[in-house]
Structures are given as structure tokens and as C-alpha cells.
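Reading through the C-alpha cells given below for one structure.
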Amino acid sequence: MNNFQSALDNSKITKPMWFLWLLSAGLIALDGFDFFIIGIALPFLEKDFNLNSTEIGSIAVSAIIGSLIGSLTLGGITDKIGRQKMLLIDVLIFIISSAGTALAWNAFSLIFFRFLVGVGIGADYPISVAYITENMPSRLRGRMVIGAFTFQAVGALFGALTGIIIINIFTQFFPNSLDILIRYGWRGMLGVGLLLAILVGFLRLQFLLESPLYYIAKGDYENAQLSARELLETDVIITAETDAQPLQTNLNYLSLFSQKYIKNTLLASIPWFLQDIATYGIGIFTPTIIAILAFRNHDDFILQQVRSSQGSAIVDLFLIMGFLIAVLLVDKVGRITLQIVGFMGMSIGLILLGIAGDPSLNQHPNLILVFTGFLVFNLLMNAGPNSTTFLLSGEVFPTAIRATGAGVSASIAKMGAVLGTFFLPILQHDLGVSKLLYILAVCCFIAGILTYLLRIETRGKSLEN
């Protein structure tokens, strides 16, 4: 083990470690807010822009397609120019695109700016996982990565609360004007994302530190030593003789599909792909699904949106609880076990929701069954796959192609998110909610089986340089 890796693994969590962790967590929270606020804003957008089903699906899926592109392209660039530079570029993308969404003038402009939001989100996956993974002691790496990813659920919950607050503000000040709420309510919701992006950007500028492992992989031992000294708050001697050799120039995108790394790539991407079909298909349309399954007897549009937003906020709490379970268990029971158990739990939750939505079994809305299904799904999803897939994507690849591998894995996963988000409304119309939920349950079950077959446990292992 080289000097830096040994010093890192034996280090306490220093103030710089906490700060870089907090900054990465803040951007992940912004990811969660931007991805899921659109589910609350969509009913208002539909009425304001007179959207058809294709436009609704395109708005919902545009950020995910952008995320796919951002993960695939900017992950590789991160390995070339460094983690810190890409973090700043990423924040700038967020600020520009968030402003565009709040000021969108038609469906096409909104789709375009939502796509740019997605590019920023997609870039953040490989950047953040590489940045945190490379700068934390191996004994705490799993907890710290998942702890940061927990803020995706915090962002999603804040999105739900934002929707509730804005609806209540407009109905209080304009009680007899539904048109004003429809026209400006969604802009207020998306505008909050702009304020969050500016805040995160400001904080980013207060702390600029490149990963020492990145410098080591580049053969820049002088800067690696300076960066390690700041990170660890102690002197560390880093030289070519004692630490890792320079970056292997023969490692690139194609290396991920070589005989040496193909299993790693499959483990990091395929279960994540299947998970995201369910995660984003259900997550973005949670308010809509709750409205259909639990509040379909309400004719009042505003009341239905308030109730479904409140329901979303309640079930989103279990997203956070699931992440907390993952933080407690990931370095005790391992990534693979959590992922398998989580996938099976997601299947059970989806089956319960399918039963709740089956008109042959439930003539009237069954609130207990609906919320039980959502709670089981959200809790086990974040206790398992939604945490571990992100973590594994940063642990199973060497430093030379870590962000590239994490980016490719995230982009493949987002292909599943595109399928889930775009086709869910279509399949819901053709098959009904219940059958669709059963199909998603099968996807999660298959993902659990594949995780077992492709298993690579990374718990407690030092990162390969």
C-alpha cells in the first residue's frame, strides 16, 4: 500500500473531508430536487401549456436523457481534467439550466432546459462518487458515499414540501383564481431549484481541492503531496517510489468492456438499469400514482394536487429512512447483500401497489395498502439498490477510469430511467396501473438475481490506484 493510501485509511475524518463531503451532498440534493419536483409541477404545466401525452412524457424524460448524456460524456472528461474543475462546470450548468426552466415560454423550451438540467445531474454522478470515494478512509467509505447520496432523498422531500407550500401560498393570496396558480405556480416550484443552484455554486467557490489520488494517477506527485497535506491536515510524503505509478494511458472507455473489467461493468450497470426503470418510473410520477390509487374519487383539482403532494412528502420520508439504514449497514453486511435484499423488497412493495390498484380486488381506494406499498418500496429501495449501485460504480473501477466507469454505468442506468419515465404513462393507459406495477416488480426481482450472479464485494478494500 502506498504512503498516501495508508495515511488516508488510518486518518480520522478531517474538516476538509467533511467539507468536500458536504459540498458533494449539496449537489446531490439538488439532483433529487430537480428530478422529482417536475412530478409535482406537471399537472400545472399540462393545463398551462395545454400539453398532450407525448409532450408530458417528453418533459418528464428530458432531464433523464440529459443525465444519460452527461454521465456518458462528462465522466470521461472528469478523468482527464480533474474532479474539482468538473464540479465547478457542473454547478454552472445547473444555474443556467435552472433559470431557463423557470422562465420557459413553451413546451419545447422547457424540454430543452430540462435536458440541460439532466446533463448537470448526469455529470454529478461520476464526479461526486469519484470525489468522495477517493478522499475517505476505506473503513468509512461506504457510509460516507451513501450518506452523501442520502441527500437525493432530502432533495426529493424538499421538492414535495416546496410544491405544498407554493400551492398553499397561491390559494391563500388568490383563492378565487385557479388560472394564476396554474400559470405561475409551476414557475415558483422550478425557480426554487435556481436558488438552490446559486447557493451550492457559492459554497463550491469557497473550497477548491483536487483529489490527491487523481494527481498520483497523473504522476503529479508535487501537487498530490500539497493536496494530501490539506486533506489529511498532516504532512505526507508522496513520491514515485513510494506511491502509485502514473495513469495507464491504455485504459479508456473500451477497457470497461475488456475481459478484465467486463464483469465489473455489468455489475455496476445492469442491476442499476433495471432498478432505474422502477425508481424513476415510480418516483417522478409518485404524486400522479397516489392521486390515481388513493384520491381518484376527488373531483377538485387543487384538493387532489394538495393531497397527492402531501402523500408524496410522507412516502419520501421513508426514502430518507432507507438511506439511513444503508449508512448503518453497508460496512457491516456488505454492498451485495444489501442490494439483493433491497431488490426483493422493492418487488414486494410494487406487488402491494399492484393489488391496491386492481379494480377487481379493490372497488374503492385502499389508502392503507397504497401507502404500505409505497413505504416498503421506498424504504427497501434506498436501504439497498439506490444506495449500493451508486457506491459500487465508484468502487469497482481503478482510479485511471473510475469516473469513466461510474459515468458509463450511470448512463446505462439512465437508459432504464428513460424507459420507465417515458413509457409508464403510455403503458398505464394501455395496461392499467396494476399490470404495469407487476411488470416493474419482475424487473426488480431479476435485478436481485443478477446482482448475486455478478457479485463483487468491495467492503473494506482499499481503492486500486
Start with the C-alpha gap between Asn264 and Leu392, add the side-chain angles, then the distance that decides, and say whether side chain to side chain contact (heavy atoms under 4.5 Å, CB included) holds. CA-CA 9 Å; Asn264 306 56; Leu392 286 169; over 6 Å; no
Hey, can you pull the donor-acceptor pairs under 3.5 Å for the side chains in residues 28-37, sequence neighbours left out?
none

Shortest non-hydrogen contact from [X] toward [Y]:
{"X": "Trp21", "Y": "Met144", "answer": "NE1-O, 2.6 Å"}
{"X": "Ala268", "Y": "Val396", "answer": "CB-CG2, 4.2 Å"}
{"X": "Val330", "Y": "Gly142", "answer": "CG1-C, 3.7 Å"}
{"X": "Ser58", "Y": "Ile111", "answer": "CB-CD1, 3.7 Å"}
{"X": "Ile40", "Y": "Gly159", "answer": "CD1-O, 3.5 Å"}
{"X": "Val341", "Y": "Leu380", "answer": "O-CD1, 4.0 Å"}

Roughly how far, to the nearest 0.5 Å, is [atom2] of [Y] from [atom1] of [X]?
{"X": "Tyr184", "Y": "Asp179", "atom1": "OH", "atom2": "CG", "result": "10.5 Å"}
{"X": "Gln172", "Y": "Ile167", "atom1": "CD", "atom2": "CD1", "result": "14.0 Å"}
{"X": "Ile121", "Y": "Leu27", "atom1": "CD1", "atom2": "CG", "result": "9.0 Å"}
{"X": "Leu329", "Y": "Arg335", "atom1": "CG", "atom2": "CZ", "result": "12.0 Å"}
{"X": "Met86", "Y": "Lys80", "atom1": "CE", "atom2": "NZ", "result": "13.0 Å"}
{"X": "Thr78", "Y": "Leu87", "atom1": "OG1", "atom2": "CG", "result": "8.0 Å"}

Flag the pair [X] / [Y] as yes when at least one side-chain heavy-atom distance between them is below 4.5 Å, and no otherwise.
{"X": "Pro212", "Y": "Leu231", "result": "yes"}
{"X": "Phe257", "Y": "Val408", "result": "yes"}
{"X": "Ile64", "Y": "Leu68", "result": "no"}
{"X": "Ile351", "Y": "Leu437", "result": "no"}
{"X": "Thr265", "Y": "Phe397", "result": "yes"}
{"X": "Val119", "Y": "Thr73", "result": "no"}

Under a 3.5 Å cutoff, is there a donor and acceptor pairing between the side chains of Gln152 and Asn382?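 Note: Gln152 and Asn382 side chains miss the donor-acceptor criterion.
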Can a donor-acceptor pair be found, under 3.5 Å and without considering hydrogens, that links the side chain of [X] to the backbone of [Y]?
{"X": "Tyr438", "Y": "Leu350", "value": "no"}
{"X": "Ser347", "Y": "Phe445", "value": "yes"}
{"X": "Thr389", "Y": "Trp272", "value": "no"}
{"X": "Thr101", "Y": "Ser98", "value": "yes"}
{"X": "Arg141", "Y": "Met136", "value": "no"}
{"X": "Ser67", "Y": "Ala63", "value": "no"}
{"X": "Glu55", "Y": "Asn52", "value": "yes"}
{"X": "Asn135", "Y": "Ser211", "value": "no"}
{"X": "Asp48", "Y": "Phe44", "value": "no"}

Under the side chain to side chain contact (heavy atoms under 4.5 Å, CB included) criterion, do Phe273 and Leu419 qualify, and how do the steps go? CA-CA 10 Å; Phe273 167 83; Leu419 291 176; 3.8 Å; yes
Which residues share a ring-ring contact (aromatic ring centres under 6.0 Å, His included) with [X], sequence neighbours left out:
{"X": "Tyr215", "value": "none"}
{"X": "Tyr131", "value": "none"}
{"X": "Tyr214", "value": "none"}

Val129 vs Ser393, test: side chain to side chain contact (heavy atoms under 4.5 Å, CB included). Steps then yes/no. CA-CA 8 Å; Val129 73; Ser393 73; 4.3 Å; yes
Let me see the working for Thr279 and Met346 under side chain to side chain contact (heavy atoms under 4.5 Å, CB included), right down to the final yes or no. CA-CA 9 Å; Thr279 297; Met346 289 172 68; 4.1 Å; yes
Kindly write out the residues that satisfy side-chain contact (heavy atoms from CB on, under 4.5 Å) with [X], not counting sequence neighbours, or none if the list is empty.
{"X": "Thr14", "answer": "Ser11, Lys12, Pro16, Met17, Glu233"}
{"X": "Phe108", "answer": "Asn106"}
{"X": "Leu254", "answer": "Asn252"}
{"X": "Leu379", "answer": "Phe318, Met321, Ile325"}

Which pairs with one or both residues in residues 404-414 pass side chain to side chain donor-acceptor pair (under 3.5 Å), sequence neighbours excluded?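 Passing the test, one end in residues 404-414: Asp79-Thr404, Asp276-Lys414.
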Does anything in residues 72-97 pair up under ring pair (Phe, Tyr, Trp, His ring centres under 6.0 Å), and if so which pairs, sequence neighbours excluded?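 Every pair satisfying ring pair (Phe, Tyr, Trp, His ring centres under 6.0 Å) with a residue in residues 72-97: there are none.
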All salt bridge (charged side-chain N to carboxylate O under 4.0 Å, His left out) counterparts of Arg143, not counting sequence neighbours: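 Counting only residues at least two positions away or on another chain, Arg143 forms a salt bridge (charged side-chain N to carboxylate O under 4.0 Å, His left out) with Asp331.
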So Phe49 and Trp105, ring pair (Phe, Tyr, Trp, His ring centres under 6.0 Å) or not? Walk me through it. CA-CA 9 Å; Phe49 288 157; Trp105 53 93; 9.7 Å; no
Identify which one of Phe151, Phe323, Phe149 satisfies the ring pair (Phe, Tyr, Trp, His ring centres under 6.0 Å) criterion when paired with Phe390.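 Single ring pair (Phe, Tyr, Trp, His ring centres under 6.0 Å) partner of Phe390 among Phe151, Phe323, Phe149: Phe149.
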For the pair Glu395 and Arg402, find out whether any cationic side-chain nitrogen is under 4.0 Å from an anionic carboxylate oxygen.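 Salt bridge absent between Glu395 and Arg402.
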Set of residues satisfying side chain to side chain donor-acceptor pair (under 3.5 Å) with respect to Thr451, sequence neighbours excluded: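 Side chain to side chain donor-acceptor pair (under 3.5 Å) list for Thr451, sorted by chain: Gln339.
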Is it the case that over 12 heavy atoms from other parts of the model lie below 6.0 angstrom from the OH atom of Tyr452?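 Incorrect, the count does not exceed 12.
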